[in-house]
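To start, the structure under review is shown below, and the notes come after it.
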Amino acid sequence: MSFVSVRNVFQSYGDRPILERVSVEVEEGCFVSIVGASGCGKSTFLRLLLAQETPSRGEVSIAGQPPAREPGRDRGVVFQKYSVFPHLTIRDNILAAEELSARWGRLWGRARRAARERADAALARVGLAHVADQYPAALSGGMQQRLAIAQALQARPRILLLDEPFGALDPGTRLSMHDFLTELRAETPMTVFMVTHDLSEGFKLADRVLVFDKTRWDPDAPERWGATITYDFDARHGGIPFQSARAPHAA
Amino acid sequence: MSFVSVRNVFQSYGDRPILERVSVEVEEGCFVSIVGASGCGKSTFLRLLLAQETPSRGEVSIAGQPPAREPGRDRGVVFQKYSVFPHLTIRDNILAAEELSARWGRLWGRARRAARERADAALARVGLAHVADQYPAALSGGMQQRLAIAQALQARPRILLLDEPFGALDPGTRLSMHDFLTELRAETPMTVFMVTHDLSEGFKLADRVLVFDKTRWDPDAPERWGATITYDFDARHGGIPFQSARAPHAA
Amino acid sequence: EGSFRIGWSIYAGWMPWGYIEDSGIMDRWAEKYGVDVEIVQFNDYVESINQYTAGAFDGVTVTNMDALSIPAGGGVDTTALIIGDYSNGNDALIVKGGGTIADLAGKPVNLVELSVSHYLLARALDSAGLAESDLAAVVNTSDADMIAAWATADVEAVVTWNPLVAAIDAEPDSTILFDSADIPGEIIDMLAVNTETLAANPALGKALVGAWYETMALMSSDSEEGRAARTAMAEASGTDLAGYDAQLAATRMFWTPADAVAFAASDEVKATMPAVAAFLYDKGILGVGAPSADFVGVAYPDGSVTGDPANVKLRFSTEFMQMAADGAL
Amino acid sequence: MRWINRRPGRPLAVALALAPFALAALAYVAGSEARLAANPADKLLPAPSTLWDAAMAALTEADRRSGEILFWNDTFASLTRLALGVGIAAALALTLGLAAGLLPLAGAGLSPFVAAVSMAPPLALLPILFIVFGLGEVSKVALIVIGTAPFMIRDMAGRVAETPVEQIVKAETLGASSLVIALRVALPQAMPRLIQAVRLSLGPAWLFLIAAEAIAATEGLGYRIFLVRRYLAMDVILVYVAWITILAALLDLALRRLSARAFPWAEPAR
Amino acid sequence: MRWINRRPGRPLAVALALAPFALAALAYVAGSEARLAANPADKLLPAPSTLWDAAMAALTEADRRSGEILFWNDTFASLTRLALGVGIAAALALTLGLAAGLLPLAGAGLSPFVAAVSMAPPLALLPILFIVFGLGEVSKVALIVIGTAPFMIRDMAGRVAETPVEQIVKAETLGASSLVIALRVALPQAMPRLIQAVRLSLGPAWLFLIAAEAIAATEGLGYRIFLVRRYLAMDVILVYVAWITILAALLDLALRRLSARAFPWAEPAR
Ligand SMILES: Nc1ncnc2c1ncn2[C@@H]1O[C@H](COP(=O)(O)OP(=O)(O)OP(=O)(O)O)[C@@H](O)[C@H]1O
Ligand SMILES: Nc1ncnc2c1ncn2[C@@H]1O[C@H](COP(=O)(O)OP(=O)(O)OP(=O)(O)O)[C@@H](O)[C@H]1O
Ligand SMILES: [Mg+2]
Ligand SMILES: [Mg+2]
């Protein structure tokens with residue numbers, strides 16, 4: 001059985017369809033990138049995976065669980081912006097991954113000391129130990145995203161969702177973030193979904209690349225139809241389609 | 001005699017030097033791109049060219065004129081953001097290039113009708129005629145920057161200054177903006193200075209690429225020395241240095 | 001020049017001023033003497049006196065006590081042109097339940113501080129051998145909120161004036177312990193005008209006095225017109241004819257100029273003013289700079305003066321009222 | 001499901017919105033009945049029917065003395081003062097705020113003084129205002145201006161100073177003088193904020209209006225409230241309070257509409 | 001050079017900042033001298049020396065009756081009421097604003113009611129406050145609360161509702177419950193804004209305080225001002241007005257400092 005399974009999902013806002021008949025099965029440990037035109041519904045798909053929204057039709061299930069109704073600790077997420085808590089120091093941001101699930105959002109005494117040590121270890125691993133006591137605003141964009149990823153992973157999610165995590169970074173920083181992510185995955189294999197604008201980034205990092213597009217198109221009413229997965233590439237072997245194109249492109 | 005001449009310019013903020021001993025001569029009609037690490041002073045250099053700031057030492061002169069003390073119609077500029085007036089329609093934004101220099105910032109009667117026709121012609125040229133009556137907020141990022149460039153050119157400046165004009169655009173839009181800029185230059189040759197983060201963009205568009213960097217570096221006080229032009233490439237002939245490196249890199 | 005402004009505020013004995021303006025009586029008399037008089041109603045009594053003191057008005061309705069403390073104490077030479085009445089029960093000390101004045105010891109009293117109510121309280125406490133320091137507190141309470149204040153549990157005793165006294169007296173458990181009928185003639189209500197203005201424009205005094213006594217005659221007559229006039233005044237003060245008549249009953253109105261002249265020239269006034277001055281000085285109302293209780297001089301119709309003769313700022317005059325009494329207007 | 005993720009449907013949302021109003025009305029009726037049971041002549045919390053009668057009387061019955069309907073006279077007088085006061089304050093805010101925000105020299109001169117004045121309690125200065133401006137309309141309008149203008153000026157100056165420097169520079173490169181930058185770049189962009197500032201200032205403006213009318217006036221909503229407060233005519237007071245609340249809400253709505261209509265470019269995209 | 005590009009140097013900036021104060025002082029002195037020349041006993045615009053004497057007397061001389069220095073008593077009484085009123089309003093804003101901004105159900109119930117209440121003129125409701133809360137301290141504090149809380153609640157609710165949804169979702173993926181999101185994500189980030197709202201509300205709070213003290217009190221800065229208004233003691237009034245202005249400025253400064261100290265992460269990078 002596959003680990004993440006999306007079955008015949010539709011999503012509309014009001015009477016405007018965004019996604020149509022989206023189905024995909026993903027194995028545990030797979031890195032999936034999602035590409036597509038701006039506004040085609042990539043972030044919407046990620047929100048469905050996250051259970052931030054429930055689909056109008058169809059269902060998303062992870063590890064065979066019944067569909068979730070809201071986000072929880074089994075799903076980690078990193079957005080392009082606002083991904084860390086600006087009012088917490090770098091260390092407390094990592095600590096939050098353990099503290100926030102406590103009754104009052106805080107740990108005390110021994111539990112706190114242990115969590116703090118784990119947080120410091122995580123900071124050392126991602127190379128942020130030297131700024132542990134600063135606030136995120138003092139960090140560069142790249143460091144902030146590194147922190148956001150470390151924070152998400154500290155909660156040990158079953159899947160990690162990234163929505164254009166490197167979209168706001170300059171090319172140099174972006175390259176080093178690719179290395180960072182690749183290293184992290186080498187240490188701990190995890191199931192990742194990453195939305196990106198950059199096709200080459202998608203192919204470089206992922207095992208599998210999903211392309212979202214509209215298969216039906218009404219030139220008079222461009223908002224009439226939703227998008228779905230039109231291509232599904234295996235990116236491990238130089239881009240040979242994992243499955244063939246899903247449906248003919250009726251441009 | 002060269003068209004733009006920067007002679008031994010220094011710029012400091014407080015007692016913190018940003019630029020040191022910057023000298024460069026640029027011919028009329030040349031497209032110069034400026035690259036360098038983040039925070040090295042590229043925008044500062046552009047502000048000096050723009051006469052938005054006056055250098056602490058040295059001087060900048062255009063077409064042999066005495067150094068300007070504030071920005072004027074001879075210098076056009078496009079920033080990454082806030083480059084158009086959000087409260088004016090697309091047409092009025094172009095019109096502003098003629099109107100703002102009037103006594104009360106407005107044209108009336110025949111003068112206005114003529115300016116309006118010229119504005120509509122400009123809009124048609126840059127492919128924005130169909131949105132002439134909308135406000136900039138309704139435009140995509142790429143269209144906004146196209147408008148900003150058209151607006152700057154409508155005032156017929158002697159030099160055009162671009163500060164990361166495509167920095168906030170996605171890769172596809174960025175490519176089409178390159179074509180747009182190249183076409184515009186083919187129609188009207190102009191002297192352009194463009195700051196960019198993207199080295200390949202710099203080489204693709206420019207005749208000449210200036211690299212800003214620090215030649216002196218104090219590891220204990222990284223803010224002690226300013227940057228200057230360290231390389232000056234001729235980008236027309238595949239990157240052979242226009243002049244050799246300016247100064248040895250004393251890392 | 002030739003144009004004057006008089007301020008008045010709501011009080012039983014001053015309601016005629018509103019009627020004088022509305023009915024056109026003022027305009028007639030003003031025309032007769034070739035002046036122009038505008039009569040303006042104030043919602044806030046203190047503000048009316050302040051305006052007069054600052055020179056924005058030429059005359060104002062005021063009590064003897066406030067005339068002494070605010071304009072006269074402030075250096076504005078003021079003449080009591082018309083003595084309209086003295087309070088004869090219009091001001092009262094009211095308590096919840098019953099008891100005597102002596103029982104006030106240890107209780108708070110709500111009143112408009114430094115007003116004639118305060119003076120009445122001082123006189124009431126005097127009569128029982130108490131001093132203000134024997135009270136728990138004197139709580140400054142706006143007259144506009146006195147009725148609402150009475151309804152709260154915190155308030156045990158109030159000192160106030162009509163029409164508020166009538167309203168509070170109508171509440172079930174109120175008892176009047178002391179009122180101005182116990183100190184007749186000490187709280188005098190008058191129309192005060194600027195002495196210099198009056199000296200330069202006797203016509204103003206004649207017009208005002210003429211209008212006032214015409215109205216007095218009208219009001220006091222038991223005719224249809226008299227009732228109509230009193231009804232209009234009753235409505236303006238928020239009550240009905242019966243209520244207003246009751247308030248008038250607690251007011252010793254001087255319906256005729258002769259009455260007023262007789263009172264103004266009496267020794268009563270000469271005795272009252274120094275006592276009032278002493279009270280004001282004691283409370284610090286005469287100002288930081290006041291060296292003593294008699295630093296302001298008060299002149300009386302017979303030419304006598306109490307206080308500092310070199311600093312006469314308040315003058316009781318019968319000159320114009322006498323003209324009315326003589327039928328010379 | 002977490003509480004933060006539970007959204008009420010349309011009917012529930014309406015019910016929830018009405019609930020506190022219903023509760024307040026209920027509490028009033030209960031209080032009123034209790035007091036009236038104890039003392040049928042109680043004036044403090046009149047019965048709803050009394051309130052209704054008072055409202056009808058106020059709206060339709062002409063004053064016996066003047067033959068006019070006082071309610072509308074009062075409304076007209078108060079709204080005129082309010083409009084004048086807030087209008088003048090807005091005009092001051094526009095000119096001084098624009099100058100202080102745009103011209104460093106004007107800002108250096110004006111800002112500290114306006115900041116200091118904005119801290120002074122205008123109510124305590126009322127006696128002086130009455131002397132300086134007389135007892136007529138001027139002093140009431142002046143109180144509103146003095147009470148609201150400093151805040152508006154500071155708000156405008158701050159907002160104008162926040163105009164992206166890129167836009168100013170752009171205008172300069174298009175040949176704009178200081179005057180043109182003020183008129184065509186800073187001013188139009190400051191207008192929506194000015195309306196916002198006016199909306200925020202209307203609350204204090206009502207306060208000052210009522211305070212000024214309480215002391216010296218012959219008509220106006222505040223005058224009437226303070227006049228009848230003497231007799232604890234709560235039926236009239238409550239009707240007037242409700243009316244002021246409605247007027248304030250309507251003014252607020254009108255300003256919001258005006259802003260959206262006149263400055264479509266300033267509306268957040270939705 | 002354009003006026004917008006002319007920046008004053010340090011000495012000129014100081015001179016410009018002082019100029020309006022100097023002008024105001026001059027105008028006062030001229031007015032005072034003119035009035036005193038006409039009437040040496042004039043009380044309206046006392047001479048600067050008289051003001052100084054009044055200030056010294058207020059600061060040092062004990063009251064004849066009570067033996068205490070009234071000035072400090074008044075200051076203490078007023079500041080206590082102000083702190084209580086604004087403190088309670090802030091606490092309400094924090095709890096209700098947080099609830100209304102974070103929980104859709106609470107927002108649907110609270111927001112319309114708070115919006116309606118914020119439009120009502122609190123001054124006109126004073127008689128009811130007196131009945132409900134008595135004539136003592138409670139009603140004065142209640143007036144401040146009623147006058148300032150609705151604005152603060154709306155401000156907080158708006159600010160909390162603006163918390164980026166990304167942060168809320170992030171907290172959810174870290175296992176946070178609604179309570180934890182409120183306490184550890186929304187509340188701390190709302191705190192700087194709360195202090196901001198308190199700063200903005202202090203102006204109205206002073207107004208309500210002065211109005212309440214004018215109506216029924218035995219001490220307090222507003223009480224004293226309205227009491228001595230009875231004999232036009234402008235020297236005392238002006239000293240008190242100046243003192244209130246200074247207190248307001250100090251409070252404002254203290255809150256700004258507190259915010260910068262306690263929430264360094266919220267300071268704009270410079
Ligand atoms: N909550 C919402 N309500 C209504 N419409 C929405 C909502 N969220 C997104 N949309 C619309 O759905 C469409 C798809 O949005 P989405 O953010 O998923 O696109 P995207 O592929 O992520 O685009 P981008 O590359 O620009 O991030 C857009 O047209 C957007 O306007
Ligand atoms: N007005 C100013 N006052 C003080 N410091 C300034 C000012 N403007 C810029 N700086 C500083 O000068 C340095 C150079 O800034 P500049 O904006 O020119 O860099 P840049 O090369 O354009 O960087 P980026 O690629 O990030 O745009 C930065 O460290 C910046 O903090
Ligand atoms: Mg997206
Ligand atoms: Mg830059």
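No hydrogens, no waters, no symmetry mates; every other heavy atom, side chains included, goes into these values. Letters go in sequence order (proteins before strands), and every chain restarts at 1.
Residue with the most contacts toward chain A among E/Val165, E/Val169, E/Val180, E/Thr173: E/Thr173 (heavy-atom pairs, distance under 4.5 Å). In terms of heavy-atom pairs under 4.5 angstrom with chain E, the leader among A/Ala155, A/Ala97, A/Pro136 is A/Ala97. Heavy-atom pairs under 4.5 Å with chain E peak, among A/Gln154, A/Gln151, A/Gln52, at A/Gln151. Most heavy-atom pairs under 4.5 Å with chain E: of the set A/Arg75, A/Gln134, A/Arg103, A/Arg106, this distinction falls to A/Arg106.
Annotation for E/Phe76: atom CZ does not count as buried by contact number, only 12 or fewer foreign heavy atoms lying within 6.0 Å. For CZ of A/Arg57, the number of neighbouring non-hydrogen atoms (other residues, nucleotides, ligands) closer than 6.0 Å is 12 at most.
Looking at A/Pro157, there are no atoms closer than 4.5 Å to chain E (heavy atoms on both sides), in backbone or side chain. Heavy-atom distances place both the backbone and the side chain of A/Ala148 under 4.5 Å from chain E. Contact of A/Ala102 with chain E is made through the backbone alone, with heavy-atom distances under 4.5 Å.
Within the 3.5 Å criterion, the main-chain N or O of A/Val77 finds a donor-acceptor partner in the side chain of E/Lys170. A donor-acceptor contact shorter than 3.5 Å is absent between the side chain of A/His87 and the backbone of E/Ala190.
Of all heavy-atom pairs between A/Tyr82 and E/Gln167, the closest is O-CG, 3.5 Å.
How far CG of A/Leu88 is from CH2 of E/Trp265: 9.0 Å, rounded to the nearest 0.5 Å.
No side-chain heavy atom of A/Leu100 sits less than 4.5 Å from a side-chain heavy atom of E/Glu172.
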